[in-house]
Amino acid sequence: MASWRTPFVADVAMAADRQADHDGGHGLDARPLRVLLVASAGGHWIELTRLVDAFAGCDCQFVSTACGMTPPLGTRPVIVVADTARDAKATILGAIRGLWGAFRRFDPDLVVSTGAAPGALALYVARLFGARTIWIDSIANSERLSLSGSLVRPVADLTVTQWPEVAARHPRLRYLGQIL
């Protein structure tokens, strides 16, 4: 696998470290930071996998919406949850049930998502479990924050866009660079 050591990955790693410090630290004597990384299959998954260097040394669990995905870091199999969208109300409950089970089994300290709807739901579930959260909006959203990104802003500890122009229009939105 190619190394994706970029300023963006380094900044995400520093953000994750700051979240760990805020939560009482995960120093040398403590267990590694437990990070749940959630993304829908496709482009969101590709962007998420390009961030794995930021979580080296962490205890990671990946969650996605497609069967047969290979975890880019660690040995745990990828947890599969139902895919859903804002106009597919019948599948939202299934996605929440799958995420709830993932949280109960893994008990993350930090949840990171690049989208889409299942990732947004994961940030809301994270709040119920007391986990810190990072939302990284897809690079495809060059004009404005995605709908999912807008919906998670109230609960995300850190919301990141990959476009400086989008960050300039939203005071709580950070620009750290681009993954790709």
Side-chain angles (χ1 to χ4, degrees), residues 12 15-16 19-20 23 33-52 54-55 58-162 166 170 172-174 179-180:
V12 170
Q19 296 299 355
D23 292 335
L33 183 68
R34 294 174 64 89
V35 183
L36 190 72
L37 298 122
V38 184
S40 297
H44 296 288
W45 177 260
I46 291 169
E47 288 185 27
L48 187 69
T49 62
R50 291 188 175 174
L51 292 172
V52 296
F55 303 102
C58 296
D59 185 5
C60 296
Q61 173 65 65
F62 288 84
V63 177
S64 192
T65 57
C67 295
M69 310 272 287
T70 302
L73 184 67
T75 58
R76 284 188 189 89
V78 175
I79 294 173
V80 179
V81 297
D83 200 0
T84 191
R86 68 179 179 263
D87 56 350
K89 292 176 180 42
T91 58
I92 289 174
L93 197 52
I96 292 172
R97 254 194 308 265
L99 289 164
W100 191 269
F103 275 81
R104 287 187 51 131
R105 286 190 302 275
F106 186 66
D107 189 27
D109 303 307
L110 176 66
V111 177
V112 179
S113 182
T114 53
L121 292 171
L123 268 64
Y124 277 91
V125 174
R127 278 298 175 206
L128 297 173
F129 278 83
R132 307 294 282 175
T133 58
I134 299 175
W135 175 268
I136 302 167
D137 217 42
S138 173
I139 196 165
N141 300 306
S142 62
E143 300 285 321
R144 63 182 176 273
L145 191 61
S146 68
L147 176 61
S148 292
S150 295
L151 292 172
V152 299
R153 272 184 48 209
V155 298
D157 292 302
L158 175 64
T159 307
V160 179
T161 178
Q162 297 185 58
V166 176
H170 299 280
R172 286 195 56 227
L173 201 51
R174 300 252 335 260
I179 296 173
L180 303 175

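These values consider heavy atoms only, across backbone and side chains, with no hydrogens, waters or symmetry-generated copies. This chain uses plain numbering: 1 for the first residue, then up along the sequence.
Between the Gln61 side chain and the Arg76 main chain, no donor and acceptor come within less than 3.5 Å of each other. Side chain of Ser148 to backbone of Ala120: no donor-acceptor contact under 3.5 angstrom is found. Proximity of a side-chain donor or acceptor of Thr84 to a complementary backbone N or O of Ala117 within less than 3.5 Å is not detected. At least one donor-acceptor pair under 3.5 Å links the side chain of Glu47 to the backbone N or O of Ile139. With hydrogens and angles ignored, the 3.5 Å screen pairs no side-chain donor or acceptor of Thr159 with any backbone N or O of Trp135.
Note: Leu51 CG to Thr49 OG1 = 8.0 Å, rounded to the nearest 0.5 Å. Interatomic distance, CG of Leu48 versus CZ of Phe55, reported as 7.5 Å (0.5 Å rounding). Rounded to the nearest 0.5 angstrom, Thr65 OG1 and Trp45 CH2 are separated by 9.0 Å. Here NE2 of His44 is found 7.0 Å from OG1 of Thr114. Values are rounded to the nearest 0.5 Å. The OG atom of Ser138 sits 8.0 Å away from atom CD1 of Ile179, with the distance rounded to the nearest 0.5 Å. Once rounded to the nearest 0.5 Å, the distance linking CD1 of Ile46 with CZ of Arg50 reads 6.5 Å.
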Trace of the side-chain contact (heavy atoms from CB on, under 4.5 Å) decision for Leu173 with Val166: CA-CA 8 Å; Leu173 201 51; Val166 176; 3.7 Å; yes
Test side-chain contact (heavy atoms from CB on, under 4.5 Å) applied to Phe106 and Ile79, step by step: CA-CA 10 Å; Phe106 186 66; Ile79 294 173; 5.6 Å; no
Working for side-chain contact (heavy atoms from CB on, under 4.5 Å), residues Trp100 and Leu128: CA-CA 10 Å; Trp100 191 269; Leu128 297 173; 3.7 Å; yes
From CA spacing to verdict: side-chain contact (heavy atoms from CB on, under 4.5 Å), Ile134, Leu110: CA-CA 8 Å; Ile134 299 175; Leu110 176 66; 4.0 Å; yes
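Annotation for Gly94 and Ala82: closest pair C-CB, 4.0 Å, computed over non-hydrogen atoms. Shortest non-hydrogen contact noted between Val63 and Ala102 is CG2-CB, 4.4 Å. The shortest non-hydrogen separation linking Leu145 to Ser150 is CD2-N, 3.6 Å. Residues Leu99 and Ala122 share a closest heavy-atom pair of CD1-N, 3.6 Å. Closest heavy-atom contact between Gly119 and Val38: CA-CG1, 3.8 Å.
Between Arg153 and Asp137 there is no salt bridge, since none of the side-chain N atoms of the basic residue sits less than 4.0 Å from a carboxylate O of the acidic one.
Under the 4.5 Å side-chain criterion, counting only non-hydrogen atoms from C-beta, Val35 is not in contact with Pro108. Residues Ile136 and Val112 form a side-chain contact, since some pair of their non-hydrogen atoms from C-beta on lies under 4.5 Å apart. Taking 4.5 Å as the limit, some side-chain heavy atom of Phe103 sits within range of a side-chain heavy atom of Val111.
Heavy-atom contacts from other residues, nucleotides or ligands closer than 6.0 Å to CZ of Arg144 number 12 or fewer.
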